[in-house]
Protein chains: 4
Amino acid sequence: MAPKSAAAKARSPAPRWQRRADARPEEILEAALAEFDERGFEAARMEDIAKAAGISKAAIYLYFPSKMALLEALIEAKVAPLAAQAQKLAAAGQADPLNALKLFATVAAARMADPKVIAVPRLVIGISGRFPEIAEYYRTHVVAKARGALEKLIETGIANGAMRKVDTAAVVRAFIGPLFFEAMWTHVLKGETALADPQKLIEQQFDVLLHGLEPRA
Amino acid sequence: MAPKSAAAKARSPAPRWQRRADARPEEILEAALAEFDERGFEAARMEDIAKAAGISKAAIYLYFPSKMALLEALIEAKVAPLAAQAQKLAAAGQADPLNALKLFATVAAARMADPKVIAVPRLVIGISGRFPEIAEYYRTHVVAKARGALEKLIETGIANGAMRKVDTAAVVRAFIGPLFFEAMWTHVLKGETALADPQKLIEQQFDVLLHGLEPRA
Amino acid sequence: MAPKSAAAKARSPAPRWQRRADARPEEILEAALAEFDERGFEAARMEDIAKAAGISKAAIYLYFPSKMALLEALIEAKVAPLAAQAQKLAAAGQADPLNALKLFATVAAARMADPKVIAVPRLVIGISGRFPEIAEYYRTHVVAKARGALEKLIETGIANGAMRKVDTAAVVRAFIGPLFFEAMWTHVLKGETALADPQKLIEQQFDVLLHGLEPRA
Amino acid sequence: MAPKSAAAKARSPAPRWQRRADARPEEILEAALAEFDERGFEAARMEDIAKAAGISKAAIYLYFPSKMALLEALIEAKVAPLAAQAQKLAAAGQADPLNALKLFATVAAARMADPKVIAVPRLVIGISGRFPEIAEYYRTHVVAKARGALEKLIETGIANGAMRKVDTAAVVRAFIGPLFFEAMWTHVLKGETALADPQKLIEQQFDVLLHGLEPRA
DNA sequence: TATGAATGAGTCTTCATTCAT
DNA sequence: AATGAATGAAGACTCATTCAT
């Protein structure tokens with residue numbers, strides 16, 4: 001998408017079609033994700049991916065050596081930004097962890113309304129049996145990092161006195177679990193969703209999370 | 001059709017294959033689930049399912065007309081008991097909803113330690129893009145019913161005064177979400193699991209769920 | 001169909017089911033012909049033949065060693081009476097060949113209204129590429145004999161002075177061809193048929209055959 | 001799509017496969033007809049058709065979506081010219097119908113000496129039970145048209161006074177039947193054929209057809 | 001004799017991948 | 001860089017035939 005830097009341009013005088021060519025890999029990956037998401041990895045056909053990307057089947061092989069490579073590149077491409085986000089969250093939220101969590105949750109919920117966003121985790125679930133390395137990659141690079149960032153936040157919150165002394169892992173599950181569950185319910189099972197109003201969803205979820213179920217004294 | 005008389009049984013020890021024939025469909029479904037779980041629906045080979053079931057490829061077709069039918073029968077077979085359980089839960093827990101929930105959660109967590117138990121939901125997630133009817137079937141017959149049963153329980157609890165007046169859907173998510181998330185983390189991503197000690201897991205999860213994150217007054 | 005002769009009965013005391021069993025081969029052949037005719041030899045399934053004959057698939061093999069054997073037995077069974085008829089025709093018609101021909105044609109046309117009657121020739125045509133021996137068998141045992149019988153009749157007629165001096169083979173073709181053609185048109189192509197009124201059909205056909213196309217002087 | 005310019009052609013001698021690609025569908029159909037004719041539709045193997053066409057099994061599917069489609073395309077391709085011929089015959093023969101018929105018959109007989117020519121009708125007969133639509137297609141597009149053209153010719157001949165007042169359908173049968181019968185005898189039953197000398201065959205056939213069997217007054 | 005169960009061998013069809021241009 | 005053509009390998013499904021009872 002982003003045009004080459006000026007420096008790069010200077011080095012290699014870009015022919016007319018170069019710009020488009022540079023975008024090709026990303027276009028292909030996008031098309032691949034769409035097909036994988038709709039049909040599953042095995043049932044997706046290279047032909048269809050090519051068509052969706054607006055090129056010929058054979059052209060895909062100019063950029064990726066195999067269908068498997070497509071999958072791997074896809075995961076990798078989609079994973080990088082998530083990891084970065086987790087870092088940011090952990091760093092930024094240290095001051096007011098509770099508020100950071102809520103803010104983050106609202107943003108996350110809003111993004112999850114977009115079917116494309118859970119496409120990758122859903123895909124990972126689908127292929128994890130066949131390609132455990134990919135599942136592991138996803139675990140270590142995305143989920144574990146996110147859990148870690150959240151745990152750090154919780155710990156800070158507890159140290160702060162902003163939160164009760166609770167099991168951090170449990171809180172992380174209580175934080176991620178409902179969102180993950182609702183996303184699956186919405187996009188996989190096509191159930192009527194609460195994600196349509198993320199603000200409200202998080203409000204209600206945090207009401208439970210913060211104050212608990214017990215009747216107040 | 002009619003079972004042999006006791007006398008006949010005594011004389012001729014029921015033919016080896018006759019005994020097995022009755023069990024065949026279930027054996028096949030079990031084998032199919034295992035293969036589907038390991039390879040995914042598309043990548044699973046009928047030959048392997050047959051081998052796993054101890055019969056020939058062609059023999060599968062004596063019991064199921066197609067691979068797809070195998071999938072459907074599988075889902076159906078695994079779904080029935082779950083729906084029943086949901087009913088039972090809703091009925092049995094009316095007296096002491098909070099306790100019922102906790103009890104149920106502990107049992108559920110314990111069962112989720114078994115990889116076979118999430119095999120079906122995981123499979124459904126994997127094929128939902130390609131076979132939306134199956135996803136819908138699963139939603140209405142399992143997840144919606146479970147949600148319904150839990151919601152009823154929560155409502156009773158609130159009416160009881162055993163719980164604070166909270167959004168029931170949010171509580172259901174807060175209840176199911178963490179378990180579902182942990183199960184996926186464990187069996188799909190092969191992360192180190194908290195499911196190994198279900199008692200403790202639920203203890204911690206309920207500590208958060210009941211009392212909330214906020215420091216007590 | 002025919003019960004065993006008294007002598008045979010005396011030799012082997014027929015159990016209750018024997019009579020039915022004796023009829024089995026014919027029943028099977030009849031069923032086989034029906035299936036072969038409807039689906040073609042290759043596409044016909046032993047299972048369907050069995051069902052049509054009211055027995056189990058395996059039971060067929062008690063009477064015929066293979067599908068191919070079924071075909072051969074079938075042809076043979078259907079061919080025998082035809083050859084006999086040809087003999088009879090040749091013998092019986094010597095006195096008044098022209099009339100014999102016409103009589104024979106009328107009977108033949110009437111029988112050809114029954115789809116079963118062309119089932120065998122049609123089948124032979126269908127498989128002749130794959131089983132030339134069967135085609136040859138049919139040629140020598142049926143068609144050649146019929147042609148021979150007719151030729152003899154024509155020759156007699158010519159010698160008689162009942163007919164003009166014509167090429168006998170040509171007359172035979174002129175005699176059989178139209179009937180054969182109409183039968184195929186009717187039963188294979190499902191065209192509207194003139195076979196419904198055999199009398200009239202032959203009347204018209206013989207009008208042409210006898211008097212020719214040329215305007216009378 | 002656009003053919004190369006003359007200049008381009010001069011420079012690069014049209015790629016070997018491009019030239020062939022255009023001919024492929026016809027080559028395949030030819031191979032298919034040969035196999036269908038020899039083995040029958042069901043028994044013919046796509047692999048063999050491919051081999052006969054000099055390509056791989058999969059390549060057939062680049063041009064035809066299924067074995068059935070191959071059959072349909074085949075029939076269609078072979079039928080078109082025949083229908084055209086019938087039109088021509090009807091039109092051209094109006095002046096001297098009798099002579100036109102004789103001429104046409106001689107040509108037809110000559111062509112029928114080629115086994116390939118009856119391959120299609122023979123195939124249609126073989127599969128008509130299983131695929132009645134094809135039989136119907138053949139009836140309406142070939143046989144009915146031919147019958148129609150011939151009938152028109154006869155009618156003209158009668159009106160002309162060139163022929164006696166006879167039943168036209170009967171004459172058509174008397175015209176087509178013997179040829180059809182001889183072709184089947186020759187190519188299906190492998191009998192010794194009169195088709196080797198078409199001139200003579202038609203001479204003899206027309207002697208009967210024109211003057212009839214009756215001794216002249 | 002009769003059959004339900006089982007299977008080996010085979011066929012159509014698909015598709016990721018390669019090749020010639 | 002790009003693609004139309006081609007294919008090898010694989011998999012679902014079928015069916016004539018056999019077997020155990």
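If you're wondering where the values come from, they're calculated on a predicted model, not measured in any experiment.
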### Message
Please report the interatomic distance OG(Ser56(C)) to NZ(Lys51(C)), rounded to the nearest 0.5 Å.
### Response
11.5 Å
### Query
Closer to the 5' end of DNA chain E via nearest nucleotide, is it Ala58(A) or Leu62(C)?
Leu62(C)
### Message
Rounded to the nearest 0.5 Å, what separates atom CD1 in Ile28(C) from atom OH in Tyr61(C)?
### Response
11.0 Å
### Message
Using the rule given for side chain to side chain contact (heavy atoms under 4.5 Å, CB included), can you reason through Ile134(B) versus Met68(B), listing the C-alpha separation, both sets of side-chain angles and the distance that settles it, and then say yes or no?
### Response
CA-CA 11 Å; Ile134(B) 290 191; Met68(B) 185 67 202; 3.7 Å; yes
Sequence neighbours excluded and cut-off under 3.5 Å, please list the side-chain donor-acceptor pairs for residues 30-37 of chain A, or say none.
{"unit_1": "Glu30(A)", "atom_1": "OE2", "unit_2": "Lys78(A)", "atom_2": "NZ", "d": "3.1"}
{"unit_1": "Asp37(A)", "atom_1": "OD1", "unit_2": "Arg122(A)", "atom_2": "NE", "d": "3.1"}

### Task
Send over the distance from Ile28(D) CD1 to dA5(F) P, rounded to a whole Å.
12 Å
### Atom pair distance, as rounded to whole Å: CD1 in Ile55(A) and P in dG4(F)
11 Å
### Task
Kindly indicate whether the side chain of Lys57(C) and the base of dT17(F) share any N or O donor-acceptor pair separated by less than 3.5 Å?
yes
### Query
Given atom NZ of Lys67(D) and atom P of dT14(E), what is their separation to the nearest angstrom?
14 Å
### Summary
From NZ of Lys51(B) across to P of dA6(E) the rounded distance in Å is 18 Å
### Query
Got a sec, which residues hit ring-ring contact (aromatic ring centres under 6.0 Å, His included) with Tyr137(B), two or more places apart in sequence or on another chain?
His141(B)
### Task
Write down the distance between CZ (Phe64(A)) and P (dT18(E)), rounded to a whole number of angstrom.
16 Å
### Query
Starting at the 5' end of DNA chain F, which residue's closest nucleotide do you reach first, Ala59(D) or Pro65(C)?
Ala59(D)
### Query
Does a nitrogen or oxygen in the side chain of Tyr63(C) sit under 4.0 Å from OP1 or OP2 of dT1(E)?
no
### Task
Let me know the distance between CZ of Arg24(D) and P of dG4(F), rounded to the nearest Å.
17 Å
### Task
Please report the shortest heavy-atom distance between Ala44(A) and Lys67(A), naming the atom on each side.
O-NZ, 2.8 Å
### Query
Going through the distances and angles, do Ile55(D) and Leu62(D) end up as a side chain to side chain contact (heavy atoms under 4.5 Å, CB included)?
CA-CA 11 Å; Ile55(D) 56 178; Leu62(D) 295 177; over 6 Å; no
### Query
Does a nitrogen or oxygen in the side chain of Tyr61(A) sit under 4.0 Å from OP1 or OP2 of dC19(E)?
no
### Task
Would you sort out whether Leu74(A) and Leu123(A) count as a side chain to side chain contact (heavy atoms under 4.5 Å, CB included), showing the intermediate values?
CA-CA 11 Å; Leu74(A) 181 57; Leu123(A) 182 57; 4.2 Å; yes
### Message
Within the structure provided, determine whether Met46(C) and Leu70(C) are in side-chain contact (heavy-atom separation under 4.5 Å).
### Response
yes
### Query
Over how many whole Å does the gap from Ile60(D) atom CD1 to dT11(E) atom C1' extend?
13 Å
### Task
Determine which bases of DNA chain E form Watson-Crick or G-U wobble pairs with both distances under 3.5 Å, and write the result as a 5' to 3' dot-bracket string with | for other-strand partners.
.||||||||||||||||||||
### Message
As an exercise, state the distance from CG of Leu71(D) to CD of Glu42(D), rounded to the nearest 0.5 Å.
### Response
9.5 Å
### Message
Does anything in residues 35-47 of chain B come within less than 4.0 Å of DNA chain F? Heavy atoms only, and list the residues if so.
### Response
Ala44(B), Arg45(B), Met46(B)
### Message
Just verifying a value: how many Å separate Ile60(B) CD1 and Arg24(B) CZ, rounded to the nearest 0.5 Å?
### Response
10.5 Å
### Task
Identify, with sequence neighbours excluded, every residue that meets side-chain contact (heavy atoms from CB on, under 4.5 Å) alongside Glu38(A).
none
### Query
Considering only heavy atoms, which members of residues 68-78 of chain B lie under 4.0 Å from some atom of DNA chain E?
none
